[in-house]
Amino acid sequence: MDDFTKIINLEFDHNIIGNKRVNTVNSPEYNASTILFDSHEDMMLAENGKYSGIYYGTNRLPNQRELEESLNILENASVTRIFPSGISAIRHVLLSFLKSGDHILVCDNVYGPTKLLCRLFLSKFDIETDYMPSNAENIEDFIKENTKAIFLESPGSITFEIQDMDKIVQTAQKHNLITIIDNTWATPLYFKPLEKGIDISIQSITKYISGNSDILMGSVSVNEKHAAHFDKYYSLMGICCSSKDCILALKGLKTLKIRLKEHEQNAFFLASWLEGHKIIEKVLYPALKSHPQHDLYKKYFKGSSGLFGLIFKKEVSPEKITTFLNSLNLFGLGFSWGGYKSLISAGKVKRDCFCEYEDRVIIRISAGLEDKEDLKNDLENALKKIS
Ligand SMILES: *Cc1c(COP(=O)(O)O)cnc(C)c1O
């Protein structure tokens with residue numbers, strides 16, 4: 001027999017050595033497109049959709065399933081599936097639950113690319129989008145005959161406005177609308193949307209879940225009512241995440257509880273201190289008593305994570321903002337958030353409906369895991385240069 005024929009057919013189950021399972025604490029990494037059947041009978045079961053095991057890479061390998069199951073437990077969901085990024089998770093939810101002629105109501109404080117998806121993609125399929133303010137009293141006024149879903153982000157990751165979820169869910173249920181939330185800021189540790197009657201919860205795993213700024217991934221967790229529909233569309237779309245990324249996400253997830261607490265403490269310390277600074281007009285952080293929706297924050301959230309915003313007084317020019325950002329040593333100038341390294345970014349608020357922050361620059365701080373006094377000193381030093 002040819003050497004290569006031998007090598008290819010070598011029986012070597014790397015999980016069993018000396019008749020014993022190699023019981024590592026962490027799961028081994030599976031890399032596979034094809035999974036071999038034990039028999040033709042099994043293959044026929046798979047052909048008829050009756051095989052209970054994994055028979056192809058797109059069925060999700062053990063690493064993908066372990067991550068999904070872990071998130072499913074945290075979100076208290078029926079089904080959780082993972083995606084190659086947070087934005088692809090959002091895109092998939094929108095496209096699997098909406099069809100031509102439908103209308104979606106979106107809270108106007110959502111993540112910018114979510115709005116772009118509505119503008120560029122949904123419009124192509126004749127799906128209409130309307131925006132409503134986070135603090136809308138009259139949600140019913142925004143609902144049309146063809147409204148199918150309401151999309152929330154609470155608090156939004158730019159202006160940190162919170163929605164009164166109970167009220168929205170009540171209205172949505174009355175009109176038989178699907179409720180979807182981008183739950184990245186709170187993570188399922190600090191808010192469990194499905195327990196509040198929201199149908200679908202989305203995470204950008206990229207942020208706190210992985211926590212190391214080393215992967216891009218998203219997840220969608222769905223309640224029982226919508227699970228079968230969601231899963232049907234998921235399996236058809238060929239969405240695959242690498243096993244290595246799943247292992248990294250799982251590694252992050254396992255320490256989320258202690259990391260998040262530390263992010264929260266650092267953010268609360270910095271936000272409280274910054275709030276008193278003479279060139280700062282406003283600090284946007286739901287855990288502060290000064291937050292306009294602090295009551296809603298206390299009603300819904302078990303804690304606040306490490307991301308918050310601030311607005312300088314109007315006298316601080318764009319040039320001074322640039323000097324401030326360039327003077328920081330510990331805060332990295334970078335998009336994204338939720339990792340161990342503190343980050344800072346600045347962006348102008350542009351809204352699709354009225355917002356008190358319209359056209360103001362929001363400085364967004366992701367408090368990392370450095371010592372809080374060091375972070376404060378760094379900010380203090382940069383603020384001195386422009387005060
Ligand atoms: C980053 C982010 C996303 C998108 O996640 P990616 O993994 O970067 O695609 C979605 N929603 C919110 C609130 C985010 O901050």
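In what follows, residues are counted from 1 in the order of the sequence shown. Keep in mind that the numbers below use all heavy atoms, side chains included, and drop hydrogens, waters and symmetry copies. Small disclaimer: the values here were computed from a predicted structure and weren't measured. We count ligands from 1, going down the list as the structure has it; atoms in each ligand are counted the same way.
Contact check on D199 versus K225 returns no salt bridge, with no Lys/Arg side-chain nitrogen under 4.0 Å from an Asp/Glu carboxylate oxygen. Classification of E66 and K254 as a salt-bridged pair holds, one side-chain N sitting under 4.0 Å from a carboxylate O.
Contact analysis puts W337 in contact with ligand 1, with a non-hydrogen atom separation below 4.0 angstrom.
Taking every heavy atom of T206 and a limit of under 4.0 angstrom, the matching atoms of ligand 1 come to 6 (P), 7 (O). Close approach of ligand 1 to I87 is summarised as follows: ligand atoms under 4.0 Å from at least one heavy atom of the residue are 4 (C), 5 (O), 6 (P), 9 (O).
Counting heavy atoms under 4.0 Å from ligand 1, residue S85 touches it through both backbone and side chain.
When ring centroids are compared, F37 and Y51 come within the 6.0 Å threshold.
The main-chain N or O of I215 is never found under 3.5 Å from a side-chain atom of D245 such that the two would form a donor-acceptor pair. Between the side chain of H229 and the backbone N or O of S96 there is at least one donor-acceptor pair closer than 3.5 Å. Judged purely by atom type and a 3.5 angstrom limit, S210 uses its side chain to pair as donor or acceptor with the backbone of I205.
For atom 5 (O) of ligand 1, the closest non-hydrogen atom of the protein is S204 OG, 2.9 Å. Atom 8 (O) of ligand 1 has as its closest protein heavy atom L216 CD2, 3.9 Å. Of all protein heavy atoms, the one lying nearest to atom 2 (C) of ligand 1 is K207 NZ, 2.4 Å.
Between G86 and ligand 1, an N or O atom pair is found at a separation short of 3.5 Å. Checking only distances, D182 does come within under 3.5 Å of ligand 1, N or O to N or O.
Taking each heavy atom of W273 and L379 in turn, the nearest pair found is CZ3-CB, 3.9 Å.
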